[in-house]
Amino acid sequence: MERMNDEVAALLQEYADLIAITGGDAFKIRVYEKAARSVGGFAQDIAGLDERGLRRIPNVGASIAAKIDEYAHTGAIHQLEELRARVPAGVRLLTTIPTLGPKKAMVLYRERGIDSVESLERAIHAGALQGLPGFGARTEENLLHGIQVLGKTGRRVHIGLAMPLAEDIVARLAAVPGCDRCAYAGSLRRMKDTIGDIDVLATADDSAPLMSAFTALPCVTEVVARGETKCSVRTPTLQVDLRVVRRDSWGAALQYFTGSKAHNIRTREIAVHRKLKLSEYGVFDVNTGARIASAREEDVYAMLGLPWIPPALREDGGEIEAAVLGELPRLATDADIRGDLHTHTRLSDGLATLEEMAAAAAARGYAYYAVTDHAPNLYMQRMTDDKALDQRERVRRLGSAHPGTRFLHGTELNLDPDGEVDWPPEFLAGFDVCVASVHSHFTLPRARMTRRLVRACENPHIKIIGHPTGRVIGRREPVDADWEEVFAACARTGTALEIDAFPDRLDLPAGLARRALGHGVVFSIGSDAHAVPHLANMRYGVGIAQRAWLDPGHVINTWPPDRLLRFLGDGRGR
DNA sequence: GCCGTTTTCGGCCCGACTGTTTTCAGTCG
């Protein structure tokens with residue numbers, strides 16, 4: 001079940017969309033969009049706040065507070081209901097078609113009664129749009145194509161698909177003669193768990209060779225737009241946008257194209273207050289027109305009176321305020337990771353042998369490394385007591401081959417619906433680390449799911465809750481639990497929550513992890529590797545940790561070995 | 001509709017590309 005914050009954020013966004021479609025004031029639209037983001041990102045649960053409390057949320061004033069209050073008490077907002085009555089839901093859906101925005105959607109509805117994607121398609125084929133101002137032959141073609149695209153590639157993909165594609169494109173463009181610098185920006189640089197499109201930035205004196213190379217990339221299936229500085233293409237999975245700017249604009253362009261949009265709006269507002277103008281070309285003095293910063297991102301932020309802000313924080317989620325106060329966190333990075341506490345081998349469902357995984361872990365420079373094959377209740381894995389004990393002996397012998405790495409013998413237990421696990425306490429006591437995860441019964445009622453997870457925390461042998469929500473991006477929804485209660489239990493019992501770094505899990509998600517942080521919970525970033533290459537997925541987990549504002553102190557697998565072992569021993573590590 | 005280092009009114013982020021139009025509105029990021 002979602003927090004009321006998320007419900008209200010969705011309603012405010014819908015209200016903004018409907019104002020746009022009905023031709024309302026553009027500034028009013030922006031305010032509702034801003035308020036929707038503020039409410040969604042507000043740390044505190046807004047359920048139970050009175051109007052005065054609601055007005056402490058940024059961008060929520062008297063009018064919006066009253067609407068939220070009305071929703072809290074009646075389950076509806078009457079102004080929203082009025083707009084819904086005027087604009088069928090299908091008209092709002094029309095605006096999800098690329099190139100079709102609120103203005104054209106309203107013209108289609110008002111002039112031709114079109115209220116769904118299907119009726120739009122029929123109308124175009126029937127020639128019913130002819131004579132409609134603003135809808136020429138080319139526009140009709142684009143709309144039909146947009147409808148096709150919507151059905152195929154309009155969806156976000158997890159970062160594990162987008163990142164390799166982006167890195168390949170960047171490498172190819174960087175090799176184009178005349179290309180000075182090249183990097184990906186956008187949500188990928190911010191390490192979002194899902195990616196809607198890839199933004200690539202390059203610098204060159206002449207953009208033409210880059211544009212030609214870009215549109216000729218083997219992955220390109222279609223060129224959407226092509227200008228001198230901007231070019232968009234589609235690939236089978238995602239749209240990719242390339243922007244080419246001059247060398248001396250690199251910092252400003254990188255800041256701009258990294259986003260997020262909400263963060264950029266804030267930085268530009270700050271610029272305006274300082275009588276400056278911020279664009280992808282630099283920071284300019286409004287009075288003289290002179291450019292006063294642009295080469296490096298640090299310079300751009302400095303002109304706004306801010307320290308450089310890590311990309312993962314740039315969501316207008318409090319990072320501007322923290323930067324002003326000099327209170328930005330020292331985020332955990334890849335370099336801080338000293339080990340991996342969730343991995344598999346061929347003994348259960350992994351692909352590599354224990355020795356292969358151990359060698360790869362040592363090659364990564366890990367100070368410690370835990371093998372956590374599945375426990376018996378995941379019946380397909382055919383785990384037995386003897387197999388586990390035999391593996392333990394083999395783990396103990398690994399140290400001689402890799403003296404720099406401390407090898408830990410662990411297991412990934414299965415939480416049954418009551419929070420019980422595969423083995424009795426005396427057997428669990430023999431493991432160095434026990435991860436416990438939900439692998440079945442994903443749809444328990446909220447209270448029961450909450451009790452299941454809290455009971456896992458209360459088991460003194462369980463030190464880490466694996467992939468806590470059980471979500472699989474695009475395939476399985478997160479389980480429904482009272483997360484505040486689960487987080488409180490983790491903090492009370494000293495149980496770490498995993499940030500599973502496998503790219504289709506990324507679980508805990510960043511939003512929940514940040515809420516857990518507020519309870520004083522600690523985290524383990526685990527690769528959940530089932531093969532040697534999967535160990536490298538750790539970086540996606542680090543990205544999530546950064547988006548959750550975690551510093552190394554919050555992440556147990558950045559801790560020195562002795563502190564980690566104390567944690568695994570008594571659950572506190574202090 | 002919100003907000004205040006121009007503070008209770010008058011502002012509100014910036015620019016590229018496309019299509020249909022002759023100077024710009026709509027869309028997108």
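Just so it is clear, the values below take in all heavy atoms, side chains as well, and ignore hydrogens, waters and symmetry mates. In this text, all values refer to a predicted model and were calculated from it rather than measured experimentally. Here is how names work: the chains are called A, B, and so on, in the same order as the sequence lines, proteins then strands, and each is numbered from 1.
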Can you find an N or O donor on one side and an acceptor on the other, under 3.5 Å apart, linking the side chain of A:Tyr256 with the base of B:dG29?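 Check passes, donor-acceptor contact within cut-off.
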Touch class at under 4.0 angstrom, heavy-atom based, for [X] against every strand present:
X	result
A:Lys261	base
A:Lys34	nothing
A:Ile29	nothing
A:Arg243	sugar-phosphate
A:Ala271	nothing
A:Asn264	nothing
A:Arg226	sugar-phosphate
A:Pro133	nothing
A:Leu132	nothing

Candidates A:Ile21, A:Asp115, A:Leu120 - the one meeting side-chain contact (heavy atoms from CB on, under 4.5 Å) with A:Leu94: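 With A:Leu94 as partner, A:Ile21, A:Asp115, A:Leu120 yield a single side-chain contact (heavy atoms from CB on, under 4.5 Å), made by A:Leu120.
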Using only side-chain N and O atoms of [X], determine if any of them is under 4.0 Å from OP1 or OP2 of [N].
X	N	answer
A:Thr229	B:dC17	yes
A:Asn142	B:dG19	yes
A:Arg30	B:dC13	yes
A:Ser232	B:dC28	no
A:Lys230	B:dA16	no

Does a side chain donor of either A:Thr333 or A:Asp336 reach within less than 3.5 Å of an acceptor in the other side chain?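 A:Thr333 vs A:Asp336: donor-acceptor pair found between side chains.
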So do the side chains of A:Glu222 and A:His145 get within less than 4.5 Å of each other, counting heavy atoms only?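 A side-chain contact exists here, since the closest heavy-atom pair is under 4.5 Å.
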Examine distances only and state if a side-chain atom of A:Ser207 and a backbone atom of A:Thr229 form a donor-acceptor pair shorter than 3.5 Å.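 Side chain of A:Ser207 to backbone of A:Thr229, a donor-acceptor pair under 3.5 Å: no, none is there.
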